[in-house]
Amino acid sequence: MKLLKRIILIAALPTWLLPAACSEDENADDISHLTVEGWITDGGYPVVLLGETQSLDKGTLNTEAYAVRWGKVTISDGTNEVILTGGYDGNYFPPYKYTTFNMTGQAGKTYRLTAEYNGKKVRAVTTIPHRVPLDSLRIVGSKSDDLFYIKAFFKDNRNERNYYGLFSKREKIDKTFLLSRTGVFSDEIIPELVAADVYRGTSFSENANHTSSSYFRKGDMVQVQLCHMDSLSFRFWKSYSNYINLSSNMFFPYTNNLESNIEGGKGYWCGYGTSTLTTVIR
């Protein structure tokens with residue numbers, strides 16, 4: 001099996017470099033795939049970022065060059081169909097997104113995405129689950145006096161199969177919500193009354209002067225977001241979480257491909273029912 005010297009650049013929640021894929025095709029390095037990072041929330045507008053996979057052999061890593069700025073992104077909810085408009089947005093990296101104010105996400109609905117660019121066409125389907133409310137947050141100290149994590153409390157409905165992701169965003173520091181370490185789980189492994197640990201996420205575009213610690217610090221104002229998602233979205237984020245948490249181990253490297261619900265390309269298209277609370281680390 002040949003490990004491709006290829007990266008997938010998808011820039012949003014969070015912005016990062018995804019792992020290389022494995023293939024037996026010796027010419028696979030010459031194949032460029034359309035990548036999608038997109039989501040729609042209950043009560044929110046759709047956001048989609050497009051890119052193309054790039055080979056590291058082709059030159060220096062200029063990530064902004066990998067954003068697709070002239071694609072066509074269409075979303076349908078089964079009744080209405082809208083074409084998203086592309087434009088600059090400095091909250092993402094590379095700073096370009098597709099969105100629309102003509103469609104708002106609704107819990108229980110299914111949303112179909114089609115993206116086209118340069119002869120490539122990809123499709124994906126997602127459903128927005130209902131919101132599961134966060135009950136409260138509690139700040140927990142670590143062994144260090146100035147490092148903290150957060151306990152998030154909520155109640156799971158045992159009569160249905162549920163999948164969750166916990167994200168955090170520090171006011172005036174993080175531009176977008178970032179996945180918490182070990183923040184993806186299903187209710188197969190949690191009690192009805194959940195007390196989940198929330199750590200700060202990291203981003204590929206994070207300033208080099210920022211600490212690499214996964215803890216919060218005194219003075220941080222932190223928004224914690226609980227995302228209720230469908231099984232396909234869960235599979236993507238779980239594989240991404242495994243990659244982040246395990247790939248740094250040189251003795252047990254994580255080499256599996258990321259799960260994806262994108263047909264004909266790479267990435268993800270996710271629907272979320274979201275609940276958000278804010279706390280200040282004191």
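One is the number of the first residue; the rest follow in order along the sequence.
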Would F177 and F167 count as a ring pair (Phe, Tyr, Trp, His ring centres under 6.0 Å) if you check the C-alpha gap in whole Å, the side-chain angles of each, and the deciding distance to 0.1 Å? CA-CA 6 Å; F177 281 94; F167 298 79; 7.5 Å; no

Full working for side chain to side chain contact (heavy atoms under 4.5 Å, CB included) between R181 and S214: CA-CA 8 Å; R181 189 188 71 193; S214 58; 3.1 Å; yes

Side chain to side chain contact (heavy atoms under 4.5 Å, CB included) between V36 and L49, intermediate numbers included: CA-CA 6 Å; V36 176; L49 297 100; over 6 Å; no

T114 and V73: CA distance, side-chain angles, deciding distance, side chain to side chain contact (heavy atoms under 4.5 Å, CB included) verdict: CA-CA 6 Å; T114 303; V73 181; over 6 Å; no

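In this structure, S260 contributes its side chain and G267 its backbone to a donor-acceptor pair below 3.5 Å. Side-chain atoms of S239 come within 3.5 Å of backbone N or O of R235 as a donor-acceptor pair. At least one donor-acceptor pair under 3.5 Å links the side chain of S32 to the backbone N or O of T53. Counting only distance, with no hydrogens or angles, the side chain of N261 and the backbone of W269 share a donor-acceptor pair below 3.5 Å. In terms of modelled atom types and a separation under 3.5 Å, the side chain of T41 and the main chain of G273 share no donor-acceptor contact. The backbone N or O of W237 lies less than 3.5 Å from no partner atom in the side chain of Y268, so there is not a single donor-acceptor pair. Of the possible donor and acceptor atoms, none in the side chain of T74 sits under 3.5 Å from a partner among the backbone N and O of I83. The main-chain N or O of G71 is found under 3.5 Å from a side-chain atom of Y98 such that the two form a donor-acceptor pair. Listed for the D77 side chain is a donor-acceptor partner under 3.5 Å among the backbone atoms of T79. Judged purely by atom type and a 3.5 angstrom limit, D187 has no side-chain atom pairing as donor or acceptor with the backbone of I190.
Cluster membership check: I75 shares its hydrophobic cluster with I262, using side-chain heavy-atom separations under 4.5 Å among Ile, Leu, Val, Met, Phe, Trp and Tyr. Each of L178 and F216 belongs to its own hydrophobic cluster when Ile, Leu, Val, Met, Phe, Trp and Tyr are linked at side-chain heavy-atom distances under 4.5 angstrom. Linking Ile, Leu, Val, Met, Phe, Trp and Tyr whenever their side-chain heavy atoms come within less than 4.5 Å leaves V132 and Y272 in two separate clusters. If you chain together hydrophobic residues whose side chains sit under 4.5 Å apart, Y215 and V222 never meet in one group. Hydrophobic clustering (ILVMFWY, side-chain heavy atoms < 4.5 Å, transitive): V224 and V184 are in distinct clusters.
Between S186 and F234 the shortest side-chain heavy-atom distance falls below 4.5 Å. At a threshold of 4.5 Å between non-hydrogen side-chain atoms, the residues K169 and D174 count as touching. Side-chain contact between F236 and M229 is absent, with no heavy atoms from C-beta onward closer than 4.5 Å. In this structure the side chain of M221 never reaches within 4.5 angstrom of the side chain of R170, judged on heavy atoms. Counting heavy atoms from C-beta outward, T279 and I139 have side chains that approach closer than 4.5 Å.
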For a quick test of your reading: what N or O donor-acceptor pairs under 3.5 Å do the side chains of residues 147-156 make, sequence neighbours left out?
{"unit_1": "K151", "atom_1": "NZ", "unit_2": "D197", "atom_2": "OD1", "d": "2.7"}
{"unit_1": "D156", "atom_1": "OD1", "unit_2": "N162", "atom_2": "ND2", "d": "3.0"}
{"unit_1": "D156", "atom_1": "OD1", "unit_2": "Y164", "atom_2": "OH", "d": "2.6"}
{"unit_1": "D156", "atom_1": "OD2", "unit_2": "R158", "atom_2": "NH1", "d": "2.7"}

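Distance NZ/K109 to OG/S76: 9.5 Å, rounded to 0.5 Å. One finds the OG1 atom of T126 at 11.0 Å from the CZ atom of R112 (value rounded to the nearest 0.5 Å). Rounding to the nearest 0.5 Å places CG of L134 at 4.0 Å from OG of S275. Here the CZ-OH distance, from R69 to Y96, works out to 7.5 Å after rounding to the nearest 0.5 Å. Going from atom OG1 of T85 over to atom NZ of K97 covers 11.0 Å, rounded to the nearest 0.5 Å. Between atom OH of residue Y163 and atom CG of residue L232 there is a gap of 9.5 Å, rounded to the nearest 0.5 Å.
Taking the charged nitrogens against the carboxylate oxygens, K120 and E52 do have a contact shorter than 4.0 Å, which makes a salt bridge.
For the 3.5 Å distance criterion, the side chains of Q223 and T276 fail to qualify, holding no donor opposite an acceptor.
In terms of heavy-atom proximity, V194 sits nearest to P191 at CG2-O, 3.3 Å. Of all the heavy atoms in P129 and G271, the pair that sits closest is CD-O, 3.7 Å. Of all heavy-atom pairs between G90 and P95, the closest is CA-CB, 4.0 Å. A pairwise comparison of heavy atoms in A115 and L50 identifies CB-CD2, 3.9 Å as the closest pair.
For residues 127-138, the side chain to side chain donor-acceptor pair (under 3.5 Å) pairs, not counting sequence neighbours, are D42-R131, T110-T127, H130-E160.
Within the hydrophobic cluster formed by Ile, Leu, Val, Met, Phe, Trp and Tyr side chains joined at under 4.5 Å, directly or through other members, V125 stands alone, with no partner residue.
K72 NZ: 12 or fewer foreign heavy atoms inside a 6.0 Å radius.
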